[in-house]
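The block underneath contains the structure these notes are about, expressed in structure tokens.
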Protein chains: 2
Amino acid sequence: MVKKTLKQRIVDASVELFQQDGYHNVTVDRIVEYIGASKGGFYHNFKSKDELLYEIHDVFISYVIQQSQAAYDKFDTPITRLCAMLQTLTQVFDMYQAHITIFYEESRSLSDEYSDIIHKKRDHYRDILQRVIAEGQEAKVFRTELPCTIVTMAIVGMINWTYKWFKQSGPLTMEQITDVFTDMVLRAIVTEQAMGEAKQFIIKG
Amino acid sequence: MVKKTLKQRIVDASVELFQQDGYHNVTVDRIVEYIGASKGGFYHNFKSKDELLYEIHDVFISYVIQQSQAAYDKFDTPITRLCAMLQTLTQVFDMYQAHITIFYEESRSLSDEYSDIIHKKRDHYRDILQRVIAEGQEAKVFRTELPCTIVTMAIVGMINWTYKWFKQSGPLTMEQITDVFTDMVLRAIVTEQAMGEAKQFIIKG
DNA sequence: TTTTACAAACCGACTAGTCGGTATTTCACT
DNA sequence: AGTGAAATACCGACTAGTCGGTTTGTAAAA
């Protein structure tokens with residue numbers, strides 16, 4: 001697959017440009033000029049600039065959902081599932097930082113027809129994580145005194161926020177950061193009696 | 001102060017409209033129409049739409065910095081300082097949710113002259129928190145095996161992300177959420193030997 | 001009289017989307 | 001395989017509309 005389709009080149013260029021300057025500050029003219037194409041070519045592949053934005057959103061969130069579900073299916077205890085999901089998510093966030101930036105900063109620019117679909121998928125992603133937390137609480141592996149919705153959003157926030165500050169050129173790799181996050185989350189929510197199982201994921205002092 | 005100045009009315013309306021629809025989707029015409037004023041009045045009070053956006057940013061971040069610093073000054077141990085800052089921050093985030101949405105989603109729309117100032121202040125806010133973490137590590141109250149920069153960003157992410165999902169009409173108040181966050185953070189980072197001092201902030205199971 | 005505070009019409013730059021056209025590929029039929 | 005027609009992919013000048021900002025006007029305050 002040496003030859004990239006024009007459509008793919010448009011998407012790739014847009015992801016880059018949208019991340020840098022934001023959806024509204026990037027014109028269709030600029031996108032096509034950037035890849036040496038034309039407006040005709042653009043509107044042959046997309047019915048609108050909106051549709052392009054939607055496609056970028058969808059590719060990303062669908063991938064996140066699929067990966068999260070795979071991490072869930074691969075293991076069978078709350079702690080291992082949670083760790084796998086944390087690892088998977090940060091990995092995705094490492095690779096798709098540009099997509100995430102667009103996903104979380106430009107979703108308001110989606111027209112109504114698209115935003116419903118995207119919002120549903122976003123909720124689905126959260127639900128997968130929340131299910132792990134809830135199941136862990138039922139099994140008394142995670143502390144039941146913490147509301148599982150808040151715990152879920154605390155974790156989601158911690159991870160999602162990385163797109164704002166993580167630099168691949170920074171002093172720590174995403175793997176190292178993941179280890180710290182995993183440590184913090186497990187310490188925060190695992191019960192005393194289940195801490196034995198979690199010990200292997202805790203950083204030694 | 002029954003009479004609000006036009007300037008204040010413009011700011012208030014803009015905060016509301018920007019949060020709802022985003023900076024680029026709200027025209028100056030719409031702002032002035034919303035409050036029953038004119039474009040002349042707008043440009044009498046602001047030299048540009050950019051300046052208005054800047055002012056909204058600045059009011060908010062300056063307040064956050066001031067409140068964070070006050071929380072720091074009010075106490076004299078890492079744990080109490082951290083708890084006070086968590087409480088202060090979530091309180092601010094409860095009150096200024098619209099400002100925060102704008103602050104974190106529209107800062108890219110700031111022109112260069114303004115964005116430098118805002119970015120510096122944003123870093124300053126983070127530094128105040130990071131200092132508490134670092135001081136806690138020096139005092140062996142917080143675990144030194146966790147890099148303080150990552151811990152800081154994990155906390156910042158957890159708190160900041162609330163602006164995406166917290167609803168004042170939701171089942172939990174911001175105070176209750178703060179208690180959960182505080183519990184999780186302390187459990188995650190306080191050392192075994194200092195846990196005694198932190199116990200009062202931990203939710204009992 | 002000058003300044004302040006706002007109103008309302010207006011302008012110029014910019015941009016999403018269109019449309020008529022051309023190059024390239026696909027494919028049915030010899 | 002070779003051919004030609006139809007479908008597909010792409011081009012680029014043009015348009016209609018939008019929006020930030022300006023200019024001119026005006027009434028009250030200082």
Side-chain angles (χ1 to χ4, degrees), chain A residues 1-57 102 105-115, chain B residues 1-58 102 105-115 118:
Chain A
M1 187 80 88
V2 180
K3 249 186 185 169
K4 269 192 182 173
T5 63
L6 179 61
K7 184 166 182 171
Q8 195 53 54
R9 280 163 60 216
I10 290 173
V11 170
D12 290 347
S14 302
V15 166
E16 201 180 318
L17 294 173
F18 288 167
Q19 181 194 21
Q20 275 172 30
D21 295 346
Y23 178 70
H24 287 281
N25 300 316
V26 176
T27 65
V28 174
D29 283 322
R30 192 167 144 213
I31 295 168
V32 296
E33 198 222 318
Y34 187 76
I35 58 173
S38 70
K39 283 189 94 161
F42 182 96
Y43 281 99
H44 176 73
N45 287 284
F46 299 97
K47 57 184 241 263
S48 66
K49 196 185 171 191
D50 263 337
E51 195 189 57
L52 164 63
L53 184 61
Y54 165 71
E55 228 164 272
I56 294 172
H57 273 71
I102 296 166
E105 310 222 330
E106 309 293 355
S107 65
R108 211 172 21 193
S109 302
L110 287 170
S111 49
D112 297 338
E113 49 174 334
Y114 299 126
S115 69
Chain B
M1 185 81 87
V2 178
K3 247 186 185 170
K4 268 192 182 172
T5 62
L6 179 61
K7 184 165 181 172
Q8 196 52 52
R9 282 163 61 218
I10 291 173
V11 169
D12 290 347
S14 303
V15 166
E16 202 180 319
L17 294 173
F18 288 168
Q19 181 194 19
Q20 275 172 29
D21 295 346
Y23 178 71
H24 286 281
N25 300 316
V26 177
T27 65
V28 174
D29 284 321
R30 193 168 144 212
I31 296 168
V32 296
E33 197 223 319
Y34 187 77
I35 56 172
S38 70
K39 284 183 87 164
F42 182 97
Y43 282 99
H44 176 72
N45 286 285
F46 299 96
K47 59 184 240 263
S48 68
K49 194 185 172 193
D50 263 336
E51 195 190 56
L52 165 62
L53 183 60
Y54 165 70
E55 226 163 273
I56 295 172
H57 272 71
D58 195 60
I102 296 166
E105 310 222 331
E106 309 292 357
S107 64
R108 210 172 21 193
S109 302
L110 287 169
S111 49
D112 297 338
E113 49 175 331
Y114 299 126
S115 69
I118 296 299

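Lettering of chains follows the sequences in order, A, B, ..., and the numbering in each one begins at 1. What you see below is based on every heavy atom in this structure, not just the backbone, and it leaves out hydrogens, waters and symmetry mates.
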Whole-Å gap separating [atom2] ([N]) and [atom1] ([X]):
{"X": "B/R9", "N": "C/dA5", "atom1": "CZ", "atom2": "P", "result": "14 Å"}
{"X": "A/Q8", "N": "D/dC10", "atom1": "CD", "atom2": "P", "result": "13 Å"}
{"X": "B/F46", "N": "C/dA5", "atom1": "CZ", "atom2": "P", "result": "13 Å"}

For this session: Tell me, please, whether B/F42 has B/K7 positioned over its six-membered ring: NZ or CZ under 6.0 Å from the ring centre and within 45 degrees of its axis?
Result: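 Cation-pi check for B/K7 and B/F42: fails.
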Problem set entry | Lys NZ or Arg CZ of A/K49 over A/Y43 ring: under 6.0 Å, within 45° |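 Ring-cation test returns no.
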Problem set entry | A/E16 versus A/Y34, side-chain donor and acceptor atoms under 3.5 Å |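 Yes, because at least one side-chain N or O of A/Y34 sits under 3.5 Å from a partner of the opposite role on A/E16.
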For this session: Would you please say whether a donor-acceptor pair under 3.5 Å links the side chains of A/H57 and A/S107?
Result: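 Result is no, nothing qualifies.
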For this session: Evaluate the ring planes of A/F18 and A/Y23, with Trp represented by its six-membered ring, and classify them as parallel (under 30°), tilted (30 to 60°) or perpendicular (over 60°).
Result: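 Aromatic pair A/F18/A/Y23 classed perpendicular.
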For this session: Please state whether the phosphate of D/dC10, meaning OP1 or OP2, lies under 4.0 angstrom from any side-chain nitrogen or oxygen of A/N45.
Result: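 For A/N45, the contact criterion (side-chain N or O under 4.0 Å from OP1 or OP2 of D/dC10) is met.
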Exercise. Any side-chain N or O of A/H44 less than 4.0 Å from the OP1 or OP2 oxygen of D/dA9?
Worked result: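 Yes, because at least one side-chain N or O of A/H44 sits under 4.0 Å from OP1 or OP2 of D/dA9.
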For this session: Check the surroundings of atom CD in A/Q8: do more than 12 heavy atoms from other residues, nucleotides or ligands lie under 6.0 Å from it?
Result: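 Yes.
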Exercise. Under 6.0 Å from the CD atom of B/Q20, do we count more than 12 heavy atoms belonging to anything else shown?
Worked result: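 Enclosed: over 12 neighbouring heavy atoms sit under 6.0 Å from CD of B/Q20.
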Below 3.5 Å between N/O atoms, which protein atoms pair up with nucleotides 28-30 of chain D? Just atom names and distances, please.
none

Polar atoms only, N or O, under 3.5 Å: list the protein pairs with nucleotides 16-19 of chain C and their distances.
| residue | atom | partner | partner atom | Å |
| --- | --- | --- | --- | --- |
| C/dA16 | OP1 | A/K49 | NZ | 3.1 |
| C/dA16 | OP2 | A/V28 | N | 3.0 |
| C/dA16 | N7 | A/K39 | NZ | 2.9 |
| C/dG17 | OP2 | A/Y43 | OH | 3.1 |
| C/dG17 | OP2 | A/K49 | N | 3.1 |
| C/dG17 | N7 | A/K39 | NZ | 2.7 |
| C/dG17 | O6 | A/K39 | NZ | 2.8 |

Exercise. In terms of side-chain geometry, is the basic nitrogen of B/E33 or B/K39 positioned less than 4.0 Å from the acidic oxygen of its partner?
Worked result: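 No salt bridge links B/E33 with B/K39.
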